[in-house]
Amino acid sequence: MKKLKKVIEQYGRWSVYSMYVDRIEAHVDSDFSICVENSKSLIEGISKQICKEKGIAIASDEPFNRLVKTAFSAIGYLPGEHLNVISGSLSAIAQQLGNLRTALGSTSHGKTIEELTSRNETLDSLTKEFLIDTVEILTCFLIRNFENENPRKKAEPLEE
């Protein structure tokens with residue numbers, strides 16, 4: 001997730017989300033369900049922050065895919081535009097990540113011993129790599145698009 005780390009470093013307001021990146025990287029081989037849970041939280045948090053910064057109210061129980069779609073709309077990907085197909089597709093991927101979190105997550109819905117021991121064998125290494133890369137592309141895209149339209153300004157000097 002080197003690209004995402006660079007984007008977060010470039011745009012400091014997002015630095016708190018580095019904790020999710022660290023958790024994802026730390027558990028890729030040992031417990032992929034933690035990667036999925038933190039990936040979903042990373043996308044969800046960034047989407048919520050974009051909506052907050054744009055003054056868009058979202059319900060506390062907003063479905064994950066609708067939240068991501070709202071974030072895309074907030075950065076200018078409106079329904080009916082050609083590029084909206086891309087944002088819709090990325091939102092659908094985000095939704096499937098949420099579904100995967102529910103299926104694999106060690107903290108979601110309780111698991112039997114067999115489910116806990118076999119859940120990480122559900123995905124092969126190529127699929128895991130694809131999912132992590134997709135999360136990185138999606139989050140970088142959201143942050144960079146938001147920052148291009150909403151750059152931080154240097155603080156004005158105080159008048160005496």
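Heavy atoms only: backbone and side chains are in, while hydrogens, waters and symmetry mates are out. Nothing fancy with the numbering, it's 1 onward along the sequence. Here the structure is a predicted model, which means the values were calculated and not measured.
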Taking atom NZ of Lys54 and atom CD1 of Ile50, what is their separation to the nearest 0.5 Å?
-> 9.0 Å

Value for CD (Glu53) from NZ (Lys48), rounded to nearest 0.5 Å, stands at 15.0 Å

Taking atom SG of Cys140 and atom CD1 of Ile46, what is their separation to the nearest 0.5 Å?
-> 8.5 Å

Please name all residues satisfying salt bridge (Lys or Arg N to Asp or Glu O under 4.0 Å) with Glu136, sequence neighbours left out, ordered by chain then number.
-> none

Would Val135 and Val16 show up in the same hydrophobic cluster when neighbours are defined by side-chain heavy atoms closer than 4.5 Å?
-> yes

Indicate yes or no: at least one non-hydrogen side-chain atom of Tyr17 is less than 4.5 angstrom from one of Leu4.
-> no

Joint cluster assignment, Ile137 & Val28, ILVMFWY side-chain distance < 4.5 Å | no

Does the side chain to side chain contact (heavy atoms under 4.5 Å, CB included) test come out yes or no for Thr134 and Leu131, once each step is laid out?
-> CA-CA 5 Å; Thr134 301; Leu131 289 170; 5.6 Å; no

Are Ile56 and Ile75 linked, directly or through other ILVMFWY residues, by side chains that come within less than 4.5 angstrom of each other?
-> no

Please name all residues satisfying side chain to side chain donor-acceptor pair (under 3.5 Å) with Lys3, sequence neighbours left out, ordered by chain then number.
-> none

Enter the distance from Met1:CE to Ser39:OG here, rounded to the nearest 0.5 Å.
-> 6.0 Å

Quick one: which residue pairs count as a salt bridge (charged side-chain N to carboxylate O under 4.0 Å, His left out) with a foot in residues 17-26, not counting sequence neighbours?
-> Lys5-Glu25

Not counting sequence neighbours, which residues clear side chain to side chain contact (heavy atoms under 4.5 Å, CB included) with Ala59? List them please.
-> Asp61, Glu62

Please assess Phe32 against Ile132 for the test side chain to side chain contact (heavy atoms under 4.5 Å, CB included), listing each intermediate value before the final yes or no.
-> CA-CA 10 Å; Phe32 195 72; Ile132 297 298; 3.9 Å; yes

Mind checking what makes side chain to side chain contact (heavy atoms under 4.5 Å, CB included) contact with Tyr11, not counting sequence neighbours?
-> Val7, Trp14, Ile143, Arg144, Glu147, Asn148

For Ser18, check side chain to side chain donor-acceptor pair (under 3.5 Å) against everything at least two apart and list the hits.
-> none

Pairwise distance CZ(Phe141) to CZ(Phe146) - rounded to 0.5 angstrom | 14.5 Å

Looking at CG of Asn38 and NE2 of His27, how far apart are the two atoms once the value is rounded to the nearest 0.5 Å?
-> 7.5 Å

Leu67 and Glu44 have their tightest heavy-atom pair at CD2-CG, 3.5 Å

What residues, two or more places apart in sequence or in another chain, satisfy side chain to side chain contact (heavy atoms under 4.5 Å, CB included) together with Ser41?
-> Tyr20

Salt bridge (Lys or Arg N to Asp or Glu O under 4.0 Å) involving Glu9 - partner list, sequence neighbours excluded = none

